[in-house]
Amino acid sequence: MRLTTINIGGGKTRQSNFELLRIIAMLLVLVVHADFFSIGMPDTQDIQAHPLSSAMRFVTQSLALVCVNLFIFISGYFRIRLKRRSILNFLFMVLFWRAIVIALYMAAPGLWPVEPNFSRFGLIKMIVPGYDDWFVESYIILMFLSPIINSYLDNHSPGQIWRFAIAYCAFQFVASWALETYPQFIHGYSALSFIGLYVLGAAVRSKAPLRGGQGAKCLGSYLALSVFAALAAMFAIRHVGSTTPAGNIVDRMFGAYNGVPVVAASLALFLFFKQLSFSSRIINTIAGSAFAVYLFHMHPLVRPVYAYVCQTLFKNYGTWEYLALVSLFIISVFAVSVLVDFIRRWLWNFLAPTCELLLTRFPPTPANRNGSRVVD
């Protein structure tokens, strides 16, 4: 499943620069979940006692925090084309990973080093796509809103789209950081935040190609913005703490997906990859299963195990040993997820003709004014 556009069928050639970006973004998701998500943000005492390792963790978190925004940028850049077969493909992928992990847990609960806090009824609810998973839930909402958003994009100039995207992202930053009026905006964990990122990704498509040297400037901007946000957050947390109200404000400003430095760094890295041009069948194949990595390690039954492994490594090893071991762990999780997902892809190719046959029994969707169908 490509989390670029829901219309993933057909013979369109994938652009390997964006496929590589998708792979990198998923690796960064694993990094984010191995750092602050699993072992927490360094507090004042941590920073004072271990300034170098704390600085490395802040910088690593900041460099990786662009991950979610990159996925939504890609979706907006290529546009989500809502088709019935592709919706079924997406749902089948989510259901496959939900079911296979639940089946493994029920068959061999002794393999789990952490006892999941779920009842039998909770295990049944896990089958529902989006249950206990803010990203899948938000992306499904974005999918079904995409025809409306695309209609807006089709009927407005690039300048208007850019102004809307910037104003929307600025509003959600103010709403989540300064006003705290809209809890749905906090940290960017919602479809509301995805809308602004989706439109911003679409706006980038209208931007002229970068001239010589500008690609390097974009990459440098990403690095500079990320390091600045990391060091600014570390300096502030050192003085106000991470669990105080002031610390929460610092976290929302520098450590949230919808924070200004994070969105700006995400955009800079996206522009860098946009100007690349190459083709690789290996990259395209691996990227086709990148989303499976998320569905596996953030499964409600696997998530505490992932965090437990990262916490254990962090507590029992020194800085450099921990970095080597956690890197190996991240690569292993990525590789296993991609390999297992080949089974899911084979099953879908086997089931797709039957699904298409069933879909032909439904009447076609009425065409819109342009003659195209909203759901095909």
Side-chain angles (χ1 to χ4, degrees), residues 1-27 29-30 71 74-75 78 80-108 111 123-124 126-131 133 135-136 139-140 143 279-303 305-306 329-362 375-376:
M1 171 68 191
R2 292 173 58 205
L3 200 60
T4 303
T5 166
I6 298 305
N7 179 14
I8 63 173
K12 290 185 178 180
T13 302
R14 300 186 187 183
Q15 298 182 32
S16 295
N17 53 332
F18 288 109
E19 300 304 310
L20 177 59
L21 180 60
R22 188 191 327 280
I23 293 172
I24 292 174
M26 186 50 65
L27 287 170
V29 169
L30 291 169
F71 275 110
I74 295 173
S75 293
F78 289 100
I80 294 174
R81 305 299 181 184
L82 210 57
K83 292 180 176 289
R84 286 182 293 195
R85 179 185 177 184
S86 298
I87 294 173
L88 290 176
N89 189 354
F90 180 85
L91 294 177
F92 176 76
M93 186 178 197
V94 176
L95 291 171
F96 172 86
W97 280 100
R98 286 294 174 114
I100 197 173
V101 173
I102 292 174
L104 179 61
Y105 171 72
M106 295 183 70
L111 293 177
L123 292 176
I124 295 174
M126 283 182 195
I127 296 294
V128 179
Y131 173 76
D133 189 331
F135 183 91
V136 171
Y139 197 83
I140 289 174
M143 282 167 49
S279 178
S280 170
R281 180 176 296 180
I282 295 176
I283 287 176
N284 293 351
T285 300
I286 295 173
S289 293
F291 190 47
V293 181
Y294 173 86
L295 293 175
F296 173 58
H297 89 280
M298 288 304 287
H299 189 289
L301 290 174
V302 179
R303 187 189 310 146
V305 177
Y306 185 88
F329 175 63
I330 286 172
I331 294 172
S332 299
V333 171
F334 187 96
V336 169
S337 303
V338 170
L339 290 174
V340 174
D341 194 59
F342 283 128
I343 300 174
R344 192 273 313 170
R345 294 168 74 168
W346 178 85
L347 283 173
W348 174 247
N349 289 334
F350 177 77
L351 295 173
T354 303
C355 294
E356 287 183 337
L357 181 62
L358 292 174
L359 289 175
T360 57
R361 298 185 179 184
F362 293 90
V375 180
D376 193 4

A.B. asks: List the atom of Met26, the atom of Phe291, and the distance in Å for their closest heavy-atom pair.
C.D. replies: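 The answer is CE-CA, 4.1 Å.
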A.B. asks: Any heavy-atom pair between the side chains of Trp348 and Leu88 that's under 4.5 Å?
C.D. replies: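 Yes - at least one pair of side-chain heavy atoms lies under 4.5 Å apart.
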A.B. asks: Can you list the residues that meet the side chain to side chain donor-acceptor pair (under 3.5 Å) rule with Asn17, with sequence neighbours excluded?
C.D. replies: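 Residues passing side chain to side chain donor-acceptor pair (under 3.5 Å) with Asn17: none at all.
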A.B. asks: Considering residues at least two apart in sequence or located in another chain, which fulfil the side chain to side chain contact (heavy atoms under 4.5 Å, CB included) criterion with Ile331?
C.D. replies: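 Ile331 satisfies side chain to side chain contact (heavy atoms under 4.5 Å, CB included) with no other residue.
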A.B. asks: What distance separates Ile330 CD1 from Leu27 CG, expressed to the nearest 0.5 Å?
C.D. replies: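 Going from CD1 on Ile330 over to CG on Leu27, the span is 8.0 Å.
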A.B. asks: Does a donor on one side chain sit under 3.5 Å from an acceptor on the other, for Tyr294 and Asp133?
C.D. replies: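 Yes, because at least one side-chain N or O of Tyr294 sits under 3.5 Å from a partner of the opposite role on Asp133.
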A.B. asks: Which heavy-atom pair separates Thr285 from Arg345 by the least distance, and what is that distance?
C.D. replies: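 Scanning both residues completely, I find the closest heavy atoms to be O-NH1, 3.0 Å.
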A.B. asks: For Ser337, give me all partners under side chain to side chain donor-acceptor pair (under 3.5 Å), at least two apart in sequence or on another chain.
C.D. replies: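 Ser337 satisfies side chain to side chain donor-acceptor pair (under 3.5 Å) with no other residue.
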A.B. asks: Which distance, rounded to the nearest 0.5 Å, do you find between the CD1 of Ile283 and the CD of Glu19?
C.D. replies: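 The CD1 atom of Ile283 sits 9.0 Å away from the CD atom of Glu19.
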A.B. asks: Roughly how far, to the nearest 0.5 Å, is CZ of Arg22 from CD of Gln15?
C.D. replies: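 Here the rounded value is 10.5 Å.
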A.B. asks: Is there a side-chain contact between Arg344 and Phe92 (heavy atoms, below 4.5 Å)?
C.D. replies: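 Contact flag for Arg344/Phe92 side chains = yes.
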A.B. asks: Decide side chain to side chain contact (heavy atoms under 4.5 Å, CB included) for Tyr306 and Val333; before the verdict, give the C-alpha distance in whole Å, the side-chain angles of both, and the deciding distance to 0.1 Å.
C.D. replies: CA-CA 9 Å; Tyr306 185 88; Val333 171; 4.2 Å; yes
A.B. asks: Quick one: does Ser289's side chain have a donor or acceptor within less than 3.5 Å of a partner on Ala292's backbone?
C.D. replies: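 Judged by distance alone, no pair lies under 3.5 Å.
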A.B. asks: Can you tell me how far the CG atom of Leu20 sits from the CD1 atom of Ile282, to the nearest 0.5 Å?
C.D. replies: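 It is 12.5 Å, given to the nearest 0.5 Å.
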A.B. asks: Working to the nearest 0.5 angstrom, can you tell me the gap between Arg81 CZ and Ser86 OG?
C.D. replies: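 So the CZ of Arg81 and the OG of Ser86 are separated by 12.0 Å.
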A.B. asks: Please determine which of Val293, Ile286, Val338 meets the side-chain contact (heavy atoms from CB on, under 4.5 Å) test together with Ile23.
C.D. replies: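 Only one option passes, and that is Ile286.
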A.B. asks: For Tyr105, enumerate each residue passing the side chain to side chain donor-acceptor pair (under 3.5 Å) test, keeping only those at least two apart in sequence or located in another chain.
C.D. replies: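 Counting only residues at least two positions away or on another chain, Tyr105 forms a side chain to side chain donor-acceptor pair (under 3.5 Å) with Glu115.
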A.B. asks: Only pairs under 3.5 Å count here: list side-chain donor-acceptor contacts from residues 93-104, not counting sequence neighbours, and write none if there are none.
C.D. replies:
residue: Trp97; atom: NE1; partner: Asp341; partner atom: OD1; Å: 3.1
residue: Arg98; atom: NH1; partner: Met126; partner atom: O; Å: 2.6
residue: Arg98; atom: NH1; partner: Tyr131; partner atom: O; Å: 3.2
residue: Arg98; atom: NH2; partner: Tyr131; partner atom: O; Å: 2.8

A.B. asks: Minimum heavy-atom separation for Ser16 to Ser279, with atom names?
C.D. replies: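 Minimum heavy-atom separation between Ser16 and Ser279: OG-CA, 3.3 Å.
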A.B. asks: Would a 4.5 Å heavy-atom cut-off, applied to side chains only, mark Val136 and Leu295 as touching?
C.D. replies: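 They are in contact (side-chain heavy atoms under 4.5 Å apart), so the answer is yes.
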A.B. asks: Using ring-ring contact (aromatic ring centres under 6.0 Å, His included), reason through Phe78 and Phe18 one step at a time and then give a plain yes or no.
C.D. replies: CA-CA 10 Å; Phe78 289 100; Phe18 288 109; 5.2 Å; yes
A.B. asks: Applying ring pair (Phe, Tyr, Trp, His ring centres under 6.0 Å), can you list everything that pairs with Phe334, at least two apart in sequence or on another chain?
C.D. replies: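 By the ring pair (Phe, Tyr, Trp, His ring centres under 6.0 Å) rule, Phe334 matches no residue at all.
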A.B. asks: Find the distance between CG (Leu347) and CZ (Phe342) and round it off to the nearest 0.5 Å.
C.D. replies: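 Here the interatomic distance stands at 13.5 Å.
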